4 protein chains.
Amino acid sequence: MNLAGIFPALTTPYHEDGSVALDHFKSNLARYNQTGVTGCVVLGSTGESVLLSSAEAESLLVAAKEAAAPGKLLIAGTGAESTAETITKTKRAAALGYEIALVKTPYYYKPAYRSEVYLRHYRSIADASPIPILLYSVPIFTGVTLETPEIVALAQHPNIIGIKDSSGVIQRIVEVGAQAPKEFQILTGSAGVLHPAFTSGAKGAILALASALPEKCVELHDLWKHGQNAEAQALPQRLALASKTIVSEGSIAGVKYAMDLRGFHGGQPRLPLLPLTEDKQQRIAQIVSHFKPAAVRA
Amino acid sequence: MNLAGIFPALTTPYHEDGSVALDHFKSNLARYNQTGVTGCVVLGSTGESVLLSSAEAESLLVAAKEAAAPGKLLIAGTGAESTAETITKTKRAAALGYEIALVKTPYYYKPAYRSEVYLRHYRSIADASPIPILLYSVPIFTGVTLETPEIVALAQHPNIIGIKDSSGVIQRIVEVGAQAPKEFQILTGSAGVLHPAFTSGAKGAILALASALPEKCVELHDLWKHGQNAEAQALPQRLALASKTIVSEGSIAGVKYAMDLRGFHGGQPRLPLLPLTEDKQQRIAQIVSHFKPAAVRA
Amino acid sequence: MNLAGIFPALTTPYHEDGSVALDHFKSNLARYNQTGVTGCVVLGSTGESVLLSSAEAESLLVAAKEAAAPGKLLIAGTGAESTAETITKTKRAAALGYEIALVKTPYYYKPAYRSEVYLRHYRSIADASPIPILLYSVPIFTGVTLETPEIVALAQHPNIIGIKDSSGVIQRIVEVGAQAPKEFQILTGSAGVLHPAFTSGAKGAILALASALPEKCVELHDLWKHGQNAEAQALPQRLALASKTIVSEGSIAGVKYAMDLRGFHGGQPRLPLLPLTEDKQQRIAQIVSHFKPAAVRA
Amino acid sequence: MNLAGIFPALTTPYHEDGSVALDHFKSNLARYNQTGVTGCVVLGSTGESVLLSSAEAESLLVAAKEAAAPGKLLIAGTGAESTAETITKTKRAAALGYEIALVKTPYYYKPAYRSEVYLRHYRSIADASPIPILLYSVPIFTGVTLETPEIVALAQHPNIIGIKDSSGVIQRIVEVGAQAPKEFQILTGSAGVLHPAFTSGAKGAILALASALPEKCVELHDLWKHGQNAEAQALPQRLALASKTIVSEGSIAGVKYAMDLRGFHGGQPRLPLLPLTEDKQQRIAQIVSHFKPAAVRA
């Protein structure tokens with residue numbers, strides 16, 4: 001299974017009354033279908049997965065499966081704190097037709113989570129899962145990091161096909177690339193280092209930024225793939241600055257606002273996440289205006 | 001409502017097949033009933049709340065309510081990442097007869113969680129809750145800290161009656177004591193600083209250690225209450241060292257093992273939490289042997 | 001040697017041309033002589049020791065020795081990154097008549113500084129020093145912390161008589177008190193936890209705040225010593241808040257400004273330390289105005 | 001002044017009696033003269049500069065000037081905590097014929113060091129210095145980081161020509177490259193991300209690893225310069241792993257041991273830095289054995 005290329009981390013739109021807006025969600029997917037993205041991730045951190053009920057999560061999995069074009073690869077976020085619950089969720093995603101499960105690290109009892117915990121957790125899940133597993137390390141939210149030796153050890157498992165590493169630490173990509181089996185696939189989760197991630201061995205990326213700027217992220221991947229390094233210098237810089245303002249400073253509310261500006265259904269995040277301040281709205285609007293307008297809303 | 005004294009943070013025992021052992025849970029409670037603890041906390045971090053299903057959580061709330069002696073104050077852990085879900089859980093606890101809700105901070109989207117997020121989150125919950133709210137700051141697990149200005153601001157709300165601060169930072173107790181209304185009650189969550197917490201203004205404590213050593217924690221509170229500071233020096237030191245080995249180094253598996261040694265129903269934690277290594281078992285056994293044996297299992 | 005009580009960490013005043021103002025320095029000391037402080041620390045962090053030339057440092061050691069009243073204990077800061085240089089400085093302080101050396105941890109090569117480094121460093125110095133050694137852990141500046149096992153191990157050395165711990169972590173005071181020899185003396189460096197430090201086993205304190213408010217810090221120590229815990233509650237709170245504004249937020253410029261307000265020779269710090277902003281000046285002035293005016297400048 | 005290419009961060013060899021071995025130091029330089037390195041850095045962190053007396057530091061500056069080949073660029077580390085002392089040292093380096101000064105951030109009073117402190121510190125030095133200034137951010141040792149906005153602001157100064165950033169954070173290279181004047185030169189200090197640093201806009205590197213493996217680091221720079229990205233993938237991985245074992249885990253003792261193995265004069269570091277454990281020696285020997293032997297000692 002080839003994960004090369006760009007995957008938007010899908011956001012979750014809501015109706016005015018706070019309920020999940022499956023129609024808007026599908027409408028966004030219809031637009032991603034028309035871009036060069038490799039696929040989409042449902043129920044990632046950007047999707048506010050920790051703010052959704054089980055029923056809402058299930059409805060999004062079903063809706064994405066209905067709306068995604070045949071050629072697009074669908075990845076389901078299925079990580080939970082409990083090993084058993086993660087297995088249950090992963091099996092459910094597989095039953096719904098998902099091809100890969102993205103499993104974030106457990107993190108709550110971090111003082112008790114030594115290497116052995118991560119190894120046993122992931123191996124139990126990979127053993128039980130009918131579909132391949134992508135490790136997911138996102139220290140900015142979880143406060144825990146999968147380190148090189150753990151990743152390299154887990155990469156030996158036949159049902160663990162890669163990792164989404166959102167740390168932005170390029171050195172880890174180099175180290176894992178040097179030590180893991182050749183077929184192990186590294187995806188970065190950080191648009192701030194998209195181009196260096198590629199030049200260091202990452203095959204693809206799962207990005208919140210790609211929810212708002214999918215075609216630009218794909219363009220960067222294409223430039224790199226065709227070896228146009230000289231021309232690639234400007235676009236990585238623009239996307240890194242865009243990512244800093246939209247994703248790092250704006251968080252999910254920022255991604256959704258940028259989506260609104262580009263004709264997607266963004267909207268507000270769910271509480272306790274707050275709407276963007278006006279100041280941040282203006283800075284994001286300025287950044288987005290530098291990119292060619294996307295097609296009108298489907 | 002007077003929260004002075006000691007509250008064990010209840011653990012969750014499991015049967016061999018991994019299901020929640022409500023009988024053992026009630027049996028533990030029956031023993032706490034016979035001690036001088038002020039009450040108990042159900043579904044706290046020590047209770048592995050993030051590893052339980054909704055149905056399991058509900059069953060524990062019901063069981064505790066059935067098993068607790070009339071005079072004992074029952075506090076329900078009701079914090080969730082979403083503001084709305086926290087309100088739902090808090091109302092449910094109230095409907096089940098709980099007198100106080102312990103609400104931990106949201107924490108997943110920490111880069112987006114500025115002061116205003118915590119203020120709005122807690123005020124929304126306190127406004128909606130039929131029972132008083134205890135703030136809960138537990139940075140070792142969540143990676144976020146309620147700081148003095150936030151606590152002092154929230155202490156103004158008539159339905160927020162106190163805080164459980166598990167940071168172990170005594171300076172914050174002093175600062176909050178100096179600036180919050182007199183009736184705002186500070187509980188420490190750290191047995192390592194139990195005595196200095198009391199001398200600095202804390203009224204009580206919610207402790208994992210009190211699940212294994214309830215009468216010793218109560219003894220320390222009594223010594224302090226009666227001003228026996230000279231005699232109190234030895235016991236705080238012993239409890240601090242016990243807490244370091246059992247709780248900080250052993251984590252939940254350590255607490256449960258110490259419970260087993262003292263005639264409670266401890267047992268194993270749920271995966272991904274691993275059983276104690278033999279080395280840690282021995283160190284905990286040595287620590288526990290220094291305390292007078294507790295009564296035999298009910 | 002009894003270190004009970006309060007030690008101001010002396011600041012370094014400068015003349016308009018930037019040179020060290022030994023006259024003002026001695027004048028400050030003359031005032032401390034008239035208070036109940038146990039002694040003074042020369043060349044601590046508060047004294048801007050890392051911004052002084054060797055010649056300036058030597059001149060301050062000499063001046064303090066001349067100006068201190070006979071009964072006051074003088075402690076010299078002699079820590080350097082190199083073990084050999086620390087020994088040289090410690091011997092020089094002894095030759096100048098200093099009774100104790102305060103030796104901060106080395107810290108620059110912190111990724112290489114494991115426990116064994118600290119043990120060998122301090123033991124080499126204590127072996128070579130003609131005067132007793134006080135360990136000094138100040139993580140806020142150095143980024144490294146002496147942990148309980150290291151302190152307890154070093155406390156066995158006959159020429160290491162105690163520690164100044166500026167971490168503000170009360171749990172470490174409890175732990176060290178439980179495990180170190182009875183004669184090992186713990187001094188806190190944090191006025192924010194002055195009272196809980198005393199109730200947990202600290203014998204004294206070396207404080208930047210005591211440079212501006214020596215008699216208030218002494219008063220708190222006296223209240224505690226005489227067991228007046230009830231009355232002691234208000235003063236610890238006031239000093240903790242004063243420390244936060246003057247020392248934590250104002251840093252050395254804040255301490256010096258508070259000294260100016262109370263009739264000492266404070267003045268400006270040396271670059272790169274900047275003068276206080278006007279906003280911070282006002283907040284410090286407000287805090288200081290709540291304390292009874294000190295005697296006029298000598 | 002063109003800083004493209006590789007600069008070894010020179011180590012300081014000692015004689016058996018602990019004195020600085022200028023003869024060995026010059027002998028090492030003679031060997032670097034025969035490689036493709038662009039120049040050398042004297043008195044950097046790797047040179048144990050914080051463990052040297054003023055006289056020793058001066059002797060090394062003089063010796064390097066004598067031993068370096070005419071075409072090699074010499075950079076002097078001149079950063080001190082005090083602004084005034086940094087200016088004095090920088091002027092002295094210029095007087096000795098150094099062409100550039102590498103000025104690390106001040107760091108001791110980090111709670112007081114806000115952006116304005118760094119801006120005023122560096123501008124004062126750059127105004128006063130007869131030679132161009134390189135900023136130097138090395139958070140692993142100092143605990144402080146020059147952030148993008150500060151670097152971009154300082155890059156406007158005509159006498160600040162670049163930065164050595166040892167953080168290993170590639171995103172900052174991308175951001176600074178996007179926002180600083182084109183002529184501002186970024187050097188990385190982290191061999192673990194050497195190749196991605198180059199592909200992201202860094203022109204060169206100042207490396208401890210280049211003290212032991214100068215020709216390999218130069219080879220990687222050449223590969224990148226000539227666009228041989230495909231072939232460049234293996235060497236970056238090997239150097240990243242070598243850097244982790246030799247520099248990150250071995251620290252200065254590790255670098256010196258690798259130098260010994262490759263025919264340079266490495267030797268032991270000065271206390272409190274300890275010699276390598278045998279275990280680490282073996283791991284470094286294994287790594288070094290994978291690289292073609294260097295020429296015999298001059």
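Since the model is a prediction, treat every value here as computed from it, not as a measurement. The sequence lines fix the lettering, A, B, ..., with proteins before strands; numbering per chain opens at 1.
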Donor-acceptor pairs under 3.5 Å, chain A to chain B, main chain and side chains both?
{"from": "A:Ser45", "atom 1": "O", "to": "B:Tyr109", "atom 2": "OH", "distance (Å)": "2.6"}
{"from": "A:Ser45", "atom 1": "OG", "to": "B:Tyr108", "atom 2": "OH", "distance (Å)": "2.7"}
{"from": "A:Glu48", "atom 1": "N", "to": "B:Tyr109", "atom 2": "OH", "distance (Å)": "3.4"}
{"from": "A:Thr83", "atom 1": "N", "to": "B:Leu271", "atom 2": "O", "distance (Å)": "3.4"}
{"from": "A:Lys104", "atom 1": "NZ", "to": "B:Tyr108", "atom 2": "OH", "distance (Å)": "3.4"}
{"from": "A:Tyr108", "atom 1": "OH", "to": "B:Ser45", "atom 2": "OG", "distance (Å)": "2.7"}
{"from": "A:Tyr108", "atom 1": "OH", "to": "B:Lys104", "atom 2": "NZ", "distance (Å)": "3.4"}
{"from": "A:Tyr109", "atom 1": "OH", "to": "B:Ser45", "atom 2": "O", "distance (Å)": "2.6"}
{"from": "A:Tyr109", "atom 1": "OH", "to": "B:Glu48", "atom 2": "N", "distance (Å)": "3.4"}
{"from": "A:Lys110", "atom 1": "NZ", "to": "B:Phe141", "atom 2": "O", "distance (Å)": "2.4"}
{"from": "A:Phe141", "atom 1": "O", "to": "B:Lys110", "atom 2": "NZ", "distance (Å)": "2.3"}
{"from": "A:Leu271", "atom 1": "O", "to": "B:Thr83", "atom 2": "N", "distance (Å)": "3.4"}

Counting only heavy atoms not in B:Ile140, do more than 12 fall under 6.0 Å of its CD1? no
What part of B:Pro106 gets within 4.5 angstrom of chain A, counting heavy atoms only: side chain, backbone, both, or neither? side chain
